[in-house]
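To start, the structure under review is shown below, and the notes come after it.
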2 protein chains.
Amino acid sequence: MEPILEDLEQAEGLAALQAASEEIRDHYRIDHVVYHWVDSAGDQYGCGTYSDAWRDRYLEQNYLRVDPVILGCFQRFHPVDWKRLDWSSKPARTFQAEAIKHGVGNQGFSVPIRGPNGQFALFTVSHSCDDKTWAEWTDAHRRDLILIAHTFNEKALDFEPDRAPEQSQALSPREVDAMTFLAMGYSRAQVADTLSISEHTLRVYIESARFKLGAMNTTHAVARAMSRGLIVV
Amino acid sequence: MEPILEDLEQAEGLAALQAASEEIRDHYRIDHVVYHWVDSAGDQYGCGTYSDAWRDRYLEQNYLRVDPVILGCFQRFHPVDWKRLDWSSKPARTFQAEAIKHGVGNQGFSVPIRGPNGQFALFTVSHSCDDKTWAEWTDAHRRDLILIAHTFNEKALDFEPDRAPEQSQALSPREVDAMTFLAMGYSRAQVADTLSISEHTLRVYIESARFKLGAMNTTHAVARAMSRGLIVV
DNA sequence: TTTCCCCTCCCCAGAAATAGCGAGGCGGTA
DNA sequence: TACCGCCTCGCTATTTCTGGGGAGGGGAAA
(Lines give C-alpha, C1' and ligand atoms only; values in the text may rest on other atoms or scores of the structure.)
Protein backbone atom coordinates (compact mmCIF):
# COMPACT_ATOMS: atom_id res chain seq x y z
CA MET A 1 0.00 0.00 0.00
CA GLU A 2 2.69 2.42 0.97
CA PRO A 3 3.92 3.41 -2.49
CA ILE A 4 0.36 4.01 -3.65
CA LEU A 5 -0.27 6.40 -0.82
CA GLU A 6 3.06 8.12 -1.42
CA ASP A 7 2.14 8.69 -5.04
CA LEU A 8 -1.21 10.07 -4.04
CA GLU A 9 0.34 12.42 -1.53
CA GLN A 10 2.56 13.81 -4.23
CA ALA A 11 -0.19 14.27 -6.80
CA GLU A 12 -0.44 17.80 -8.19
CA GLY A 13 -3.56 18.89 -10.02
CA LEU A 14 -6.83 17.28 -10.87
CA ALA A 15 -5.39 15.32 -13.77
CA ALA A 16 -2.97 13.68 -11.36
CA LEU A 17 -5.90 12.64 -9.18
CA GLN A 18 -7.54 11.01 -12.16
CA ALA A 19 -4.28 9.17 -12.82
CA ALA A 20 -4.03 8.25 -9.14
CA SER A 21 -7.46 6.65 -9.16
CA GLU A 22 -6.43 4.51 -12.11
CA GLU A 23 -3.20 3.63 -10.38
CA ILE A 24 -5.07 2.56 -7.26
CA ARG A 25 -7.44 0.48 -9.35
CA ASP A 26 -4.56 -1.31 -11.07
CA HIS A 27 -2.60 -1.78 -7.89
CA TYR A 28 -5.47 -3.53 -6.14
CA ARG A 29 -6.70 -5.24 -9.30
CA ILE A 30 -10.25 -4.05 -8.87
CA ASP A 31 -12.72 -2.73 -11.39
CA HIS A 32 -13.28 0.82 -10.21
CA VAL A 33 -12.07 3.57 -7.94
CA VAL A 34 -14.21 6.68 -7.64
CA TYR A 35 -14.14 9.89 -5.65
CA HIS A 36 -17.43 11.77 -5.57
CA TRP A 37 -18.01 15.17 -4.02
CA VAL A 38 -21.38 16.70 -3.18
CA ASP A 39 -21.92 20.08 -1.58
CA SER A 40 -24.92 21.64 0.06
CA ALA A 41 -25.88 23.52 -3.11
CA GLY A 42 -26.17 20.19 -4.94
CA ASP A 43 -23.02 20.71 -6.99
CA GLN A 44 -21.13 17.57 -7.75
CA TYR A 45 -17.57 16.78 -8.67
CA GLY A 46 -16.46 13.32 -9.60
CA CYS A 47 -13.20 11.71 -10.46
CA GLY A 48 -12.45 8.08 -11.09
CA THR A 49 -12.62 5.15 -13.40
CA TYR A 50 -16.30 4.86 -14.22
CA SER A 51 -17.11 5.15 -17.91
CA ASP A 52 -18.06 8.54 -19.30
CA ALA A 53 -21.37 7.09 -20.40
CA TRP A 54 -22.25 6.07 -16.85
CA ARG A 55 -21.13 9.34 -15.37
CA ASP A 56 -23.20 11.32 -17.89
CA ARG A 57 -26.18 9.09 -17.31
CA TYR A 58 -25.82 9.54 -13.56
CA LEU A 59 -25.84 13.30 -13.81
CA GLU A 60 -28.53 13.46 -16.44
CA GLN A 61 -30.89 11.26 -14.44
CA ASN A 62 -30.00 13.02 -11.20
CA TYR A 63 -29.26 9.63 -9.64
CA LEU A 64 -27.79 11.49 -6.69
CA ARG A 65 -31.26 11.41 -5.17
CA VAL A 66 -31.75 7.72 -5.82
CA ASP A 67 -28.34 6.12 -5.39
CA PRO A 68 -28.49 4.02 -2.20
CA VAL A 69 -24.75 4.47 -1.78
CA ILE A 70 -25.16 8.23 -1.46
CA LEU A 71 -28.34 8.05 0.61
CA GLY A 72 -26.95 5.34 2.87
CA CYS A 73 -23.56 6.89 3.47
CA PHE A 74 -25.18 10.24 4.09
CA GLN A 75 -26.76 8.82 7.22
CA ARG A 76 -23.79 6.80 8.33
CA PHE A 77 -20.60 7.43 10.23
CA HIS A 78 -18.43 4.67 8.98
CA PRO A 79 -17.25 3.04 5.79
CA VAL A 80 -19.80 0.61 4.51
CA ASP A 81 -20.04 -2.37 2.23
CA TRP A 82 -22.70 -1.96 -0.44
CA LYS A 83 -24.36 -5.17 0.68
CA ARG A 84 -25.37 -3.50 3.92
CA LEU A 85 -27.24 -0.69 2.18
CA ASP A 86 -30.93 -0.63 1.42
CA TRP A 87 -31.51 -1.62 -2.22
CA SER A 88 -35.13 -2.60 -1.72
CA SER A 89 -36.97 0.38 -3.21
CA LYS A 90 -37.96 0.17 -6.84
CA PRO A 91 -35.97 3.21 -8.01
CA ALA A 92 -32.95 1.79 -6.21
CA ARG A 93 -33.25 -1.51 -8.00
CA THR A 94 -33.67 0.16 -11.37
CA PHE A 95 -30.59 2.19 -10.59
CA GLN A 96 -28.65 -0.89 -9.55
CA ALA A 97 -29.51 -2.79 -12.69
CA GLU A 98 -28.42 0.10 -14.83
CA ALA A 99 -25.20 0.59 -12.88
CA ILE A 100 -24.20 -3.01 -13.38
CA LYS A 101 -25.06 -2.73 -17.06
CA HIS A 102 -22.62 0.17 -17.25
CA GLY A 103 -19.78 -1.88 -15.80
CA VAL A 104 -20.06 -0.93 -12.14
CA GLY A 105 -19.24 -4.02 -10.10
CA ASN A 106 -21.77 -5.98 -8.09
CA GLN A 107 -19.62 -5.40 -5.00
CA GLY A 108 -18.63 -2.10 -3.53
CA PHE A 109 -17.15 -0.41 -0.49
CA SER A 110 -17.61 3.29 0.21
CA VAL A 111 -15.96 5.61 2.70
CA PRO A 112 -17.97 8.72 3.64
CA ILE A 113 -15.93 11.84 4.33
CA ARG A 114 -17.30 14.99 5.84
CA GLY A 115 -16.08 18.54 6.18
CA PRO A 116 -17.25 21.75 7.77
CA ASN A 117 -20.49 23.33 6.58
CA GLY A 118 -22.09 20.06 5.63
CA GLN A 119 -19.62 19.22 2.92
CA PHE A 120 -19.67 15.61 1.95
CA ALA A 121 -17.61 13.31 -0.21
CA LEU A 122 -17.47 9.60 -0.94
CA PHE A 123 -14.54 7.43 -1.84
CA THR A 124 -15.67 4.21 -3.41
CA VAL A 125 -14.10 1.04 -4.73
CA SER A 126 -16.18 -1.41 -6.71
CA HIS A 127 -15.58 -4.81 -8.20
CA SER A 128 -17.27 -7.86 -9.69
CA CYS A 129 -16.77 -11.01 -7.67
CA ASP A 130 -18.50 -13.29 -5.20
CA ASP A 131 -19.32 -12.28 -1.64
CA LYS A 132 -16.61 -14.30 0.04
CA THR A 133 -13.79 -12.98 -2.13
CA TRP A 134 -15.01 -9.45 -1.60
CA ALA A 135 -15.31 -9.83 2.16
CA GLU A 136 -11.74 -11.08 2.34
CA TRP A 137 -10.49 -8.28 0.16
CA THR A 138 -12.22 -5.54 2.10
CA ASP A 139 -11.11 -6.99 5.43
CA ALA A 140 -7.55 -6.98 4.23
CA HIS A 141 -7.59 -3.43 2.86
CA ARG A 142 -10.06 -1.58 4.99
CA ARG A 143 -7.43 0.53 6.70
CA ASP A 144 -5.66 1.36 3.48
CA LEU A 145 -8.92 2.48 1.96
CA ILE A 146 -9.72 4.81 4.83
CA LEU A 147 -6.33 6.46 4.57
CA ILE A 148 -6.50 6.69 0.81
CA ALA A 149 -9.99 8.15 1.01
CA HIS A 150 -8.90 10.92 3.35
CA THR A 151 -5.76 11.66 1.41
CA PHE A 152 -7.73 11.76 -1.80
CA ASN A 153 -10.18 14.19 -0.27
CA GLU A 154 -7.39 16.38 1.01
CA LYS A 155 -5.86 16.54 -2.45
CA ALA A 156 -9.15 17.20 -4.17
CA LEU A 157 -9.75 20.13 -1.84
CA ASP A 158 -6.27 21.52 -2.35
CA PHE A 159 -6.91 21.77 -6.06
CA GLU A 160 -10.36 23.29 -5.84
CA PRO A 161 -10.03 26.09 -3.36
CA ASP A 162 -13.29 27.68 -4.38
CA ARG A 163 -15.12 24.69 -3.03
CA ALA A 164 -13.28 24.31 0.20
CA PRO A 165 -13.37 27.01 2.85
CA GLU A 166 -16.34 29.17 1.85
CA GLN A 167 -16.48 30.58 5.35
CA SER A 168 -20.12 30.58 6.15
CA GLN A 169 -20.89 33.33 8.57
CA ALA A 170 -21.55 32.09 12.06
CA LEU A 171 -24.91 32.64 13.68
CA SER A 172 -25.30 34.39 17.01
CA PRO A 173 -26.50 32.27 19.96
CA ARG A 174 -30.02 33.66 19.73
CA GLU A 175 -30.10 33.01 16.01
CA VAL A 176 -29.02 29.44 16.63
CA ASP A 177 -31.79 29.09 19.20
CA ALA A 178 -34.33 30.44 16.76
CA MET A 179 -33.22 28.17 13.91
CA THR A 180 -33.11 25.17 16.22
CA PHE A 181 -36.64 25.55 17.54
CA LEU A 182 -37.99 26.31 14.10
CA ALA A 183 -36.34 23.11 12.83
CA MET A 184 -38.09 21.30 15.68
CA GLY A 185 -41.42 22.41 14.28
CA TYR A 186 -42.28 25.26 16.62
CA SER A 187 -44.22 28.20 15.19
CA ARG A 188 -42.82 31.68 15.63
CA ALA A 189 -45.16 32.29 18.54
CA GLN A 190 -44.04 29.09 20.25
CA VAL A 191 -40.38 29.84 19.74
CA ALA A 192 -40.78 33.34 21.09
CA ASP A 193 -42.59 31.93 24.08
CA THR A 194 -39.94 29.26 24.63
CA LEU A 195 -37.15 31.80 24.48
CA SER A 196 -39.17 34.25 26.61
CA ILE A 197 -38.87 37.07 24.11
CA SER A 198 -41.44 38.91 22.06
CA GLU A 199 -42.36 37.54 18.69
CA HIS A 200 -41.09 40.77 17.17
CA THR A 201 -37.66 40.18 18.58
CA LEU A 202 -37.68 36.64 17.40
CA ARG A 203 -38.46 37.86 13.93
CA VAL A 204 -35.37 40.01 13.94
CA TYR A 205 -33.27 36.92 14.67
CA ILE A 206 -34.91 34.94 11.94
CA GLU A 207 -34.37 37.77 9.49
CA SER A 208 -30.74 38.25 10.38
CA ALA A 209 -30.12 34.51 10.25
CA ARG A 210 -31.81 34.42 6.88
CA PHE A 211 -29.62 37.24 5.71
CA LYS A 212 -26.41 35.63 6.99
CA LEU A 213 -27.30 32.33 5.41
CA GLY A 214 -28.33 33.89 2.13
CA ALA A 215 -31.72 32.26 2.47
CA MET A 216 -34.92 33.31 0.77
CA ASN A 217 -37.30 32.27 3.55
CA THR A 218 -37.40 30.59 6.93
CA THR A 219 -37.52 27.06 5.59
CA HIS A 220 -34.52 27.77 3.41
CA ALA A 221 -32.62 29.28 6.32
CA VAL A 222 -33.28 26.27 8.52
CA ALA A 223 -32.27 23.91 5.72
CA ARG A 224 -29.01 25.80 5.20
CA ALA A 225 -28.27 26.00 8.90
CA MET A 226 -28.73 22.25 9.09
CA SER A 227 -26.70 21.35 6.05
CA ARG A 228 -23.88 23.58 7.26
CA GLY A 229 -23.92 21.91 10.62
CA LEU A 230 -24.78 25.15 12.43
CA ILE A 231 -27.68 23.50 14.18
CA VAL A 232 -28.37 19.90 15.14
CA VAL A 233 -31.89 18.57 15.40
CA MET B 1 1.34 0.73 15.50
CA GLU B 2 -0.37 -2.45 14.48
CA PRO B 3 -0.85 -4.07 17.90
CA ILE B 4 -2.19 -0.82 19.32
CA LEU B 5 -4.84 -0.61 16.63
CA GLU B 6 -5.70 -4.27 17.09
CA ASP B 7 -6.25 -3.72 20.79
CA LEU B 8 -8.43 -0.74 20.08
CA GLU B 9 -10.51 -2.67 17.58
CA GLN B 10 -11.18 -5.30 20.20
CA ALA B 11 -12.13 -2.87 22.92
CA GLU B 12 -15.54 -3.53 24.48
CA GLY B 13 -17.22 -0.89 26.55
CA LEU B 14 -16.39 2.65 27.54
CA ALA B 15 -13.98 1.57 30.25
CA ALA B 16 -11.95 -0.27 27.63
CA LEU B 17 -11.71 2.92 25.61
CA GLN B 18 -10.33 4.72 28.62
CA ALA B 19 -7.76 1.96 28.98
CA ALA B 20 -7.01 2.14 25.27
CA SER B 21 -6.23 5.84 25.43
CA GLU B 22 -3.75 5.17 28.23
CA GLU B 23 -2.23 2.36 26.24
CA ILE B 24 -1.81 4.59 23.22
CA ARG B 25 -0.22 7.25 25.37
CA ASP B 26 2.27 4.81 26.80
CA HIS B 27 3.02 3.19 23.47
CA TYR B 28 3.95 6.48 21.84
CA ARG B 29 5.52 7.90 25.00
CA ILE B 30 3.49 11.09 24.88
CA ASP B 31 1.78 13.05 27.60
CA HIS B 32 -1.87 12.81 26.63
CA VAL B 33 -4.39 11.10 24.40
CA VAL B 34 -7.94 12.44 24.37
CA TYR B 35 -11.15 11.70 22.54
CA HIS B 36 -13.81 14.38 22.75
CA TRP B 37 -17.30 14.15 21.29
CA VAL B 38 -19.48 17.23 20.97
CA ASP B 39 -22.87 18.05 19.61
CA SER B 40 -24.08 21.57 19.32
CA ALA B 41 -26.90 20.92 21.71
CA GLY B 42 -24.02 21.23 24.18
CA ASP B 43 -23.70 17.57 25.12
CA GLN B 44 -20.15 16.39 25.47
CA TYR B 45 -18.51 13.08 26.04
CA GLY B 46 -14.85 12.84 26.77
CA CYS B 47 -12.42 10.07 27.35
CA GLY B 48 -8.68 10.22 27.77
CA THR B 49 -5.73 10.95 29.97
CA TYR B 50 -6.27 14.56 31.01
CA SER B 51 -6.53 15.06 34.75
CA ASP B 52 -9.95 15.08 36.34
CA ALA B 53 -9.26 18.60 37.58
CA TRP B 54 -8.69 19.89 34.06
CA ARG B 55 -11.69 18.08 32.68
CA ASP B 56 -13.94 19.48 35.41
CA ARG B 57 -12.53 22.94 34.92
CA TYR B 58 -13.10 22.68 31.17
CA LEU B 59 -16.75 21.75 31.59
CA GLU B 60 -17.37 24.19 34.38
CA GLN B 61 -15.92 27.13 32.45
CA ASN B 62 -17.62 26.01 29.24
CA TYR B 63 -14.26 26.20 27.48
CA LEU B 64 -15.86 24.47 24.55
CA ARG B 65 -16.73 27.91 23.17
CA VAL B 66 -13.24 29.28 23.72
CA ASP B 67 -10.87 26.39 23.02
CA PRO B 68 -9.06 27.21 19.74
CA VAL B 69 -8.64 23.49 19.11
CA ILE B 70 -12.40 23.01 18.99
CA LEU B 71 -13.11 26.23 17.14
CA GLY B 72 -10.34 25.68 14.63
CA CYS B 73 -11.05 22.05 13.91
CA PHE B 74 -14.72 22.80 13.55
CA GLN B 75 -13.91 24.91 10.50
CA ARG B 76 -11.31 22.56 9.10
CA PHE B 77 -11.25 19.41 7.05
CA HIS B 78 -7.98 17.89 8.00
CA PRO B 79 -5.92 16.98 11.02
CA VAL B 80 -4.08 19.97 12.36
CA ASP B 81 -1.11 20.80 14.51
CA TRP B 82 -1.99 23.14 17.36
CA LYS B 83 0.64 25.59 16.20
CA ARG B 84 -1.42 26.32 13.11
CA LEU B 85 -4.48 27.35 15.10
CA ASP B 86 -5.41 30.86 16.08
CA TRP B 87 -4.35 31.51 19.68
CA SER B 88 -4.35 35.28 19.38
CA SER B 89 -7.60 36.25 21.08
CA LYS B 90 -7.45 37.11 24.76
CA PRO B 91 -9.76 34.34 25.97
CA ALA B 92 -7.75 31.86 23.92
CA ARG B 93 -4.52 32.87 25.59
CA THR B 94 -6.03 32.70 29.03
CA PHE B 95 -7.30 29.25 28.16
CA GLN B 96 -3.91 28.17 26.86
CA ALA B 97 -2.09 29.30 29.97
CA GLU B 98 -4.49 27.44 32.16
CA ALA B 99 -4.33 24.31 30.04
CA ILE B 100 -0.55 24.17 30.33
CA LYS B 101 -0.80 24.75 34.07
CA HIS B 102 -3.03 21.67 34.22
CA GLY B 103 -0.47 19.51 32.48
CA VAL B 104 -1.67 19.72 28.91
CA GLY B 105 1.39 19.74 26.68
CA ASN B 106 2.58 22.79 24.76
CA GLN B 107 2.37 20.74 21.58
CA GLY B 108 -0.70 19.06 20.17
CA PHE B 109 -2.18 17.38 17.13
CA SER B 110 -5.93 16.98 16.62
CA VAL B 111 -7.93 14.96 14.13
CA PRO B 112 -11.47 16.22 13.47
CA ILE B 113 -14.07 13.53 12.79
CA ARG B 114 -17.57 14.20 11.55
CA GLY B 115 -20.77 12.24 11.32
CA PRO B 116 -24.25 12.79 9.93
CA ASN B 117 -26.36 15.66 11.28
CA GLY B 118 -23.46 17.82 12.30
CA GLN B 119 -22.04 15.42 14.81
CA PHE B 120 -18.47 16.16 15.61
CA ALA B 121 -15.62 14.56 17.49
CA LEU B 122 -11.95 15.26 18.05
CA PHE B 123 -9.09 12.89 18.66
CA THR B 124 -6.13 14.68 20.15
CA VAL B 125 -2.61 13.84 21.22
CA SER B 126 -0.60 16.34 23.22
CA HIS B 127 2.95 16.50 24.53
CA SER B 128 5.58 18.77 25.96
CA CYS B 129 8.65 19.16 23.77
CA ASP B 130 10.31 21.52 21.32
CA ASP B 131 8.92 22.26 17.88
CA LYS B 132 11.43 20.19 15.92
CA THR B 133 10.93 17.03 17.95
CA TRP B 134 7.19 17.41 17.70
CA ALA B 135 7.25 17.99 13.94
CA GLU B 136 9.29 14.83 13.46
CA TRP B 137 7.01 12.82 15.68
CA THR B 138 3.80 13.97 13.98
CA ASP B 139 5.25 13.40 10.54
CA ALA B 140 6.16 9.88 11.50
CA HIS B 141 2.81 9.00 13.03
CA ARG B 142 0.30 11.10 11.14
CA ARG B 143 -1.26 8.12 9.36
CA ASP B 144 -1.45 6.03 12.49
CA LEU B 145 -3.21 8.85 14.27
CA ILE B 146 -5.82 9.23 11.57
CA LEU B 147 -6.62 5.54 11.68
CA ILE B 148 -6.65 5.43 15.45
CA ALA B 149 -8.91 8.49 15.53
CA HIS B 150 -11.46 6.91 13.26
CA THR B 151 -11.34 3.57 15.01
CA PHE B 152 -11.73 5.30 18.35
CA ASN B 153 -14.74 7.19 17.07
CA GLU B 154 -16.28 4.02 15.70
CA LYS B 155 -15.91 2.32 19.06
CA ALA B 156 -17.22 5.27 21.00
CA LEU B 157 -20.34 5.32 18.82
CA ASP B 158 -20.86 1.59 19.15
CA PHE B 159 -21.17 2.02 22.88
CA GLU B 160 -23.58 4.95 22.68
CA PRO B 161 -26.66 3.44 21.15
CA ASP B 162 -28.81 6.58 21.50
CA ARG B 163 -28.06 7.39 17.89
CA ALA B 164 -30.00 4.48 16.45
CA PRO B 165 -30.80 4.44 12.74
CA GLU B 166 -34.53 4.98 13.30
CA GLN B 167 -35.80 3.77 9.94
CA SER B 168 -38.48 6.21 8.84
CA GLN B 169 -41.25 5.96 6.31
CA ALA B 170 -40.12 6.68 2.78
CA LEU B 171 -41.50 9.61 0.81
CA SER B 172 -42.97 9.27 -2.65
CA PRO B 173 -40.93 10.72 -5.54
CA ARG B 174 -43.16 13.77 -5.79
CA GLU B 175 -42.94 14.32 -2.07
CA VAL B 176 -39.17 14.14 -2.29
CA ASP B 177 -39.25 16.70 -5.11
CA ALA B 178 -41.45 18.98 -3.06
CA MET B 179 -39.29 18.73 0.06
CA THR B 180 -36.14 19.23 -1.96
CA PHE B 181 -37.23 22.40 -3.68
CA LEU B 182 -38.66 23.78 -0.48
CA ALA B 183 -35.32 23.13 1.20
CA MET B 184 -33.71 25.06 -1.65
CA GLY B 185 -35.76 28.09 -0.71
CA TYR B 186 -38.47 27.98 -3.35
CA SER B 187 -41.90 29.20 -2.39
CA ARG B 188 -44.90 26.95 -2.97
CA ALA B 189 -45.75 28.81 -6.16
CA GLN B 190 -42.20 28.40 -7.46
CA VAL B 191 -42.08 24.71 -6.60
CA ALA B 192 -45.42 24.10 -8.28
CA ASP B 193 -44.18 25.95 -11.32
CA THR B 194 -40.90 24.05 -11.38
CA LEU B 195 -42.67 20.71 -11.14
CA SER B 196 -45.31 21.85 -13.64
CA ILE B 197 -48.22 21.07 -11.36
CA SER B 198 -50.85 23.23 -9.74
CA GLU B 199 -50.13 24.73 -6.39
CA HIS B 200 -53.08 22.79 -5.02
CA THR B 201 -51.50 19.54 -6.00
CA LEU B 202 -48.21 20.58 -4.54
CA ARG B 203 -49.96 21.31 -1.31
CA VAL B 204 -51.24 17.76 -1.15
CA TYR B 205 -47.67 16.49 -1.39
CA ILE B 206 -46.46 18.79 1.31
CA GLU B 207 -49.29 17.73 3.56
CA SER B 208 -48.76 14.03 3.00
CA ALA B 209 -45.02 14.43 3.52
CA ARG B 210 -45.72 16.36 6.69
CA PHE B 211 -47.99 13.58 7.85
CA LYS B 212 -45.50 10.82 7.05
CA LEU B 213 -42.73 12.67 8.79
CA GLY B 214 -44.85 13.53 11.80
CA ALA B 215 -44.09 17.19 11.23
CA MET B 216 -46.07 20.15 12.45
CA ASN B 217 -45.34 22.46 9.54
CA THR B 218 -43.40 22.72 6.31
CA THR B 219 -40.18 23.86 7.92
CA HIS B 220 -40.34 20.97 10.35
CA ALA B 221 -41.01 18.51 7.55
CA VAL B 222 -38.04 19.74 5.55
CA ALA B 223 -35.82 19.60 8.61
CA ARG B 224 -36.87 16.03 9.34
CA ALA B 225 -36.48 14.95 5.73
CA MET B 226 -32.96 16.36 5.79
CA SER B 227 -31.89 14.90 9.07
CA ARG B 228 -33.21 11.49 8.03
CA GLY B 229 -31.30 11.72 4.79
CA LEU B 230 -34.48 11.46 2.71
CA ILE B 231 -33.46 14.49 0.71
CA VAL B 232 -30.01 15.74 -0.20
CA VAL B 233 -29.60 19.47 -0.45
C1' DT C 1 -13.97 57.02 21.79
C1' DT C 2 -16.10 55.44 18.19
C1' DT C 3 -17.76 51.73 15.81
C1' DC C 4 -19.82 47.47 15.35
C1' DC C 5 -22.55 43.62 16.60
C1' DC C 6 -25.91 41.63 19.64
C1' DC C 7 -30.19 41.78 22.18
C1' DT C 8 -34.61 43.73 22.97
C1' DC C 9 -39.12 45.95 21.67
C1' DC C 10 -42.84 48.32 18.54
C1' DC C 11 -46.32 49.21 14.09
C1' DC C 12 -48.41 47.95 9.64
C1' DA C 13 -49.87 45.98 5.14
C1' DG C 14 -49.45 42.48 1.93
C1' DA C 15 -47.97 37.81 0.81
C1' DA C 16 -47.87 33.10 1.91
C1' DA C 17 -49.05 28.99 4.29
C1' DT C 18 -52.56 26.13 6.69
C1' DA C 19 -57.05 23.70 7.48
C1' DG C 20 -61.11 21.96 5.89
C1' DC C 21 -64.15 20.24 2.31
C1' DG C 22 -64.42 18.11 -2.33
C1' DA C 23 -63.33 15.43 -7.22
C1' DG C 24 -61.31 11.76 -10.70
C1' DG C 25 -57.75 8.64 -13.10
C1' DC C 26 -53.80 5.35 -12.88
C1' DG C 27 -51.34 1.26 -11.43
C1' DG C 28 -50.11 -2.35 -8.42
C1' DT C 29 -51.57 -5.84 -4.89
C1' DA C 30 -54.70 -8.87 -2.24
C1' DT D 1 -62.57 -7.29 -8.41
C1' DA D 2 -61.69 -4.22 -4.74
C1' DC D 3 -58.56 -1.83 -2.28
C1' DC D 4 -54.77 1.23 -1.60
C1' DG D 5 -51.31 4.52 -2.65
C1' DC D 6 -50.00 7.89 -5.85
C1' DC D 7 -50.83 11.81 -8.93
C1' DT D 8 -53.76 15.53 -10.44
C1' DC D 9 -57.12 19.45 -9.81
C1' DG D 10 -60.80 22.60 -7.45
C1' DC D 11 -62.99 25.91 -3.60
C1' DT D 12 -63.07 29.09 0.90
C1' DA D 13 -61.61 30.94 5.18
C1' DT D 14 -58.25 31.66 8.69
C1' DT D 15 -53.78 31.92 10.52
C1' DT D 16 -49.08 32.80 10.01
C1' DC D 17 -45.11 34.72 7.92
C1' DT D 18 -42.60 38.39 5.42
C1' DG D 19 -40.72 42.92 4.43
C1' DG D 20 -40.57 47.64 5.22
C1' DG D 21 -39.96 51.16 8.71
C1' DG D 22 -38.35 52.65 13.63
C1' DA D 23 -35.93 52.80 18.74
C1' DG D 24 -32.65 52.02 22.70
C1' DG D 25 -29.03 49.66 25.73
C1' DG D 26 -24.95 46.74 26.33
C1' DG D 27 -20.42 44.86 25.40
C1' DA D 28 -16.23 44.12 22.82
C1' DA D 29 -12.85 45.59 19.73
C1' DA D 30 -10.12 48.92 17.06
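In what follows, every chain begins at residue 1, and chains take the letters A, B, ... in the order their sequences are listed.
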(request) Could you check which of C:dA17, C:dC9, C:dC7 has an atom nearest any side-chain atom of A:S198? (result) C:dC9
(message) On the side chain of B:R203, is there an atom forming a donor-acceptor pair with the base of C:dG20 - under 3.5 Å, no angle test?
(response) yes
(message) Classify B:T218 by what it touches in the nucleic acid, base, sugar-phosphate, or nothing, heavy-atom distance under 4.0 Å.
(response) sugar-phosphate
(message) Would you say B:K212 places a side-chain N or O within less than 4.0 Å of OP1 or OP2 belonging to D:dG5?
(response) no
(request) Please say which of A:M226, A:R224, A:H220 ends up in a side-chain contact (heavy atoms from CB on, under 4.5 Å) with A:V222. (result) A:M226
(request) May I have the distance from B:L171 (atom CG) to D:dG5 (atom C1'), rounded to whole angstrom? (result) 14 Å
(request) Flag the pair A:K132 and A:D130 as a salt bridge only when some basic side-chain nitrogen lies within less than 4.0 angstrom of an acidic carboxylate oxygen. (result) no
(request) Compare the minimum distances between each of C:dC6, C:dT18, D:dC6 and the side chain of B:I206, then state the nucleotide with the smallest one. (result) C:dT18
(request) Establish, yes or no, whether a centroid distance under 6.0 Å links the rings of B:Y205 and B:H200. (result) no
(request) Provide, to the nearest angstrom, the distance between the CD atom belonging to B:Q190 and the P atom belonging to C:dA15. (result) 15 Å
(request) Send over the distance from B:M179 CE to C:dA17 C1', rounded to a whole Å. (result) 13 Å
(request) Check every atom of C:dA19, D:dC9, C:dC7 against the side chain of B:E207 and return the nucleotide holding the closest atom. (result) C:dA19
(message) Determine whether the aromatic ring centres of residues B:H150 and A:H78 are separated by less than 6.0 angstrom.
(response) no
(message) Which nucleotide wins on minimum distance to the side chain of A:H200, given the candidates C:dA17, C:dC10, D:dC17?
(response) C:dC10
(request) Just compare C:dT8, C:dT18, C:dA17 and give me whichever is closest to any side-chain atom of B:N217. (result) C:dT18
(request) Take A:S187 and A:V204, find for each the nucleotide of DNA chain D with the closest heavy atom, and name the residue whose nucleotide sits nearer the 5' end. (result) A:S187
(message) Side chain of B:Y205 only, heavy atoms from C-beta on: which candidate in D:dC6, D:dC7, C:dC7 is closest?
(response) D:dC7
